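All residue numbers refer to positions in the sequence shown, counting from 1. Only a predicted model underlies this, so the values are computations on that prediction, with no experimental measurement involved. Order of appearance sets the numbers: ligands from 1, and atoms from 1 within every ligand.
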Amino acid sequence: MSRVVVVGSGAREHALTHALARQHDVVAVPGNDGMAAEGLAVADASVSSLAPDLVVVGPEQPLVDGLADALREEGIPVVGPGRRGARLEGSKVFLKEFLAEAGVPTAGFHVCATEAEAEAALAQMRPPYVVKTDGLAAGKGVLVTDDLAEARADVRAKLSGEAFGDAGRRIVIEEGLAGVECSLLVLCDGRDVVPLAPAQDFKRVGDGDRGANTGGMGAYAPNAYDPTSCETAVETIVRPTLEVLRARGIDYRGVLYAGLMIGERGPMLLEYNVRFGDPEAQSLVGLYDDWGDLLARTATGELAGVVARPRGASVTVVLAAHGYPSFPRRGDVIEGLGSDGQLADPVEGVTVYHAGTRRRLDGRFETAGGRVLSVSAVGESVADARERAYAGVSRLAFDGMVWRRDIAAGIS
Ligand code: AMP
Ligand code: GLY
């Protein structure tokens, strides 16, 4: 049994830790109160002081900051790219220029640093207008709107630094694409790739895809539409990306998450993330058994010949705090969780993963962040998993709870 350290404190890291703990000695750094409640090890320590055999980095920020490079220098295998590879997510400007070089299908774009440049770019576009913050913005840096006045106001807020500080001082204005979205997560060992089941994320806060963009309000996998588009995307998008990374001397070992728009022109790349998606990970973990082996092979460059076959389906519903995504309220007591942080009244196939929760002195949990809990279910079909996930949701409550009723609705 080897020791795995999972870096992060959200529901994604809870799901990975929970899955890996079936076969390995796992420590989450720093982890969260929900992990601790179910008996998973958490530590507020430096990663290397835990002497890991494998490190899995959950969030993008430590990757952008170079955590994977530092660990590799110590000889520790890591799932997650180094700083240079992480720029695919860390800078939209870098990404778009990279994609142009790699010949990857993506929306036409302009890079703008001044309002005058942005105005000229908008004048060439037709609605919907798409305005993206260059730097990291916790999944909230993208505006898609048909309203030119709103696009202009967003440009001003971003370029002035008001909206996202320095992350928004350069922006990308790009062509609006139509189609269906798909999250294609691929394990990459620098050379070989193993695609995981395509997933769908629900980014808007409200039912029917209305309201503000969020980090993700729910997900399901495998996603319903044609698998051939995902096979195409591996060939036209993922492999050319890895080739250019290699040509630049970047040994990309980790998850490459391709946010795809599948429309009339075939799959096109909206964005890359350099890590597992949240909440996609919560659903994907339930579809495979041996995460330890898959992730170790990713980190050590041994994915050649590996095929990951998903079993069944999974649906995840996110419960967010009152006021999410703008001003999430903290301190609302969560009803329906037992002392282990799981459903007090369990539903078969359902696991609750914690994100923005805090354990109070009286042992109960309260809200302590925007996305509070992920209720994730596995089942034989998406419909079956969906029924279970919502049965789980119905057993939980807190004041002002925000959740979508239509995650994976109508999918068989
Ligand atoms: P991103 O962070 O770049 O994936 O953007 C967040 C969300 O904005 C995506 O999941 C899409 O729903 C939407 N989006 C981004 N770029 C475009 C585009 N070029 N056309 C239409 N929608 C987009
Ligand atoms: N669910 C979208 C993300 O993780 O970025």
Side-chain angles (χ1 to χ4, degrees), residues 8 10-13 15-16 57-61 63-64 86 88-96 99 104-110 121 125-146 151 154 158 164 167-168 171-185 196 198-205 209-221 223 255-265 267-284 316-318 320 325 355 370-371 374 376 404 407:
R12 162 184 55 206
E13 291 79 21
L16 288 164
V57 182
E60 61 278 12
Q61 190 71 55
L63 295 169
V64 169
L88 288 176
E89 176 167 1
S91 165
K92 296 275 191 215
V93 173
F94 174 87
L95 170 71
K96 297 299 288 195
L99 297 176
V104 166
T106 188
F109 68 103
H110 299 268
M125 298 286 176
R126 279 175 303 175
Y129 304 100
V130 181
V131 183
K132 299 190 173 183
T133 307
D134 177 40
L136 291 180
K140 296 164 200 156
V142 176
L143 175 78
V144 182
T145 181
D146 286 331
D154 187 62
K158 282 173 177 161
F164 297 105
I171 57 175
V172 170
I173 292 183
E174 68 180 35
E175 174 196 7
L177 299 177
V180 284
E181 283 188 57
C182 172
S183 304
L184 180 63
L185 281 73
L196 300 174
Q200 189 178 349
D201 174 23
F202 294 74
K203 285 210 168 78
R204 302 277 181 155
V205 72
D209 289 331
R210 278 188 279 273
N213 254 323
T214 71
M217 295 299 293
Y220 74 91
N223 134 349
V255 178
L256 185 62
Y257 163 150
L260 305 176
M261 184 72 91
I262 302 174
E264 277 174 7
R265 289 187 270 168
M268 300 187 61
L269 189 80
L270 292 177
E271 65 162 346
Y272 275 134
N273 295 315
V274 297
R275 46 156 179 91
F276 280 102
D278 183 338
E280 291 92 332
Q282 290 88 303
S283 275
L284 288 172
T316 299
V317 180
V318 170
R371 290 189 288 177
S374 283
S376 201
R404 280 182 63 162
I407 304 302

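Contact annotation: Pro279 has at least one heavy atom less than 4.0 Å from an atom of ligand 2. Using a 4.0 Å cutoff on heavy atoms, Lys92 counts as a contact of ligand 1. Heavy-atom distances between Gly215 and ligand 2 reach below 4.0 Å in at least one pair. Taking 4.0 Å as the cut-off, Gly176 counts as a neighbour of ligand 1 on heavy-atom distance.
Ligand-side atoms of ligand 2 in range of Gly277: 4 (O), range being under 4.0 angstrom from any heavy atom. Close contacts between ligand 2 and Asp201 involve ligand atoms 1 (N), 2 (C) [criterion: under 4.0 Å to a heavy atom]. Interface atoms of ligand 2 facing Arg275, defined by a heavy-atom separation under 4.0 Å, are 3 (C), 4 (O), 5 (O). Residue contact check: Val142 has heavy atoms under 4.0 Å from atoms 1 (P), 2 (O), 3 (O), 5 (O), 6 (C), 8 (O), 15 (C) of ligand 1.
The shortest N or O to N or O distance between Glu280 and ligand 2 is below 3.5 Å. Checked against a 3.5 angstrom limit, the closest N/O atoms of Asp278 and ligand 2 fall inside it. An N or O contact shorter than 3.5 Å is missing between Arg12 and ligand 2 by distance. Taking only nitrogen or oxygen atoms, main chain and side chain alike, Leu177 reaches within less than 3.5 Å of ligand 1.
Residues Glu60 and Asn273 have side chains not in contact (no heavy-atom distance under 4.5 Å, counting atoms from C-beta outward).
By the 4.0 Å N-to-carboxylate-O rule, Glu89 lies close enough to Arg275 to be salt-bridged with it.
The side chain to side chain contact (heavy atoms under 4.5 Å, CB included) search around Asn223 returns Cys182, Pro198, Gln200, Tyr220, Tyr225, not counting sequence neighbours. Not counting sequence neighbours, the partners of Asp209 by the salt bridge (Lys or Arg N to Asp or Glu O under 4.0 Å) test are Arg404.
Atom CG of Leu99 sits about 10.5 Å away from atom NZ of Lys92, to the nearest 0.5 Å. Annotation: the span from Glu181 atom CD to Glu271 atom CD amounts to 8.5 Å, rounded to 0.5 Å. The structure places CD1 of Ile171 at 8.0 Å from OG1 of Thr133, a figure rounded to the nearest 0.5 Å. One finds the CG atom of Leu270 at 9.5 Å from the OG atom of Ser183 (value rounded to the nearest 0.5 Å).
The residue from Val144, Thr106, Asp209 that puts a heavy atom closest to atom 23 (C) of ligand 1 is Val144. Considering only non-hydrogen atoms, atom 12 (O) of ligand 1 lies nearest to Glu181 out of Arg204, Lys203, Glu181, Glu174.
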- Item | Verdict with supporting geometry, Glu174 and His110, side chain to side chain contact (heavy atoms under 4.5 Å, CB included) | CA-CA 6 Å; Glu174 68 180 35; His110 299 268; over 6 Å; no

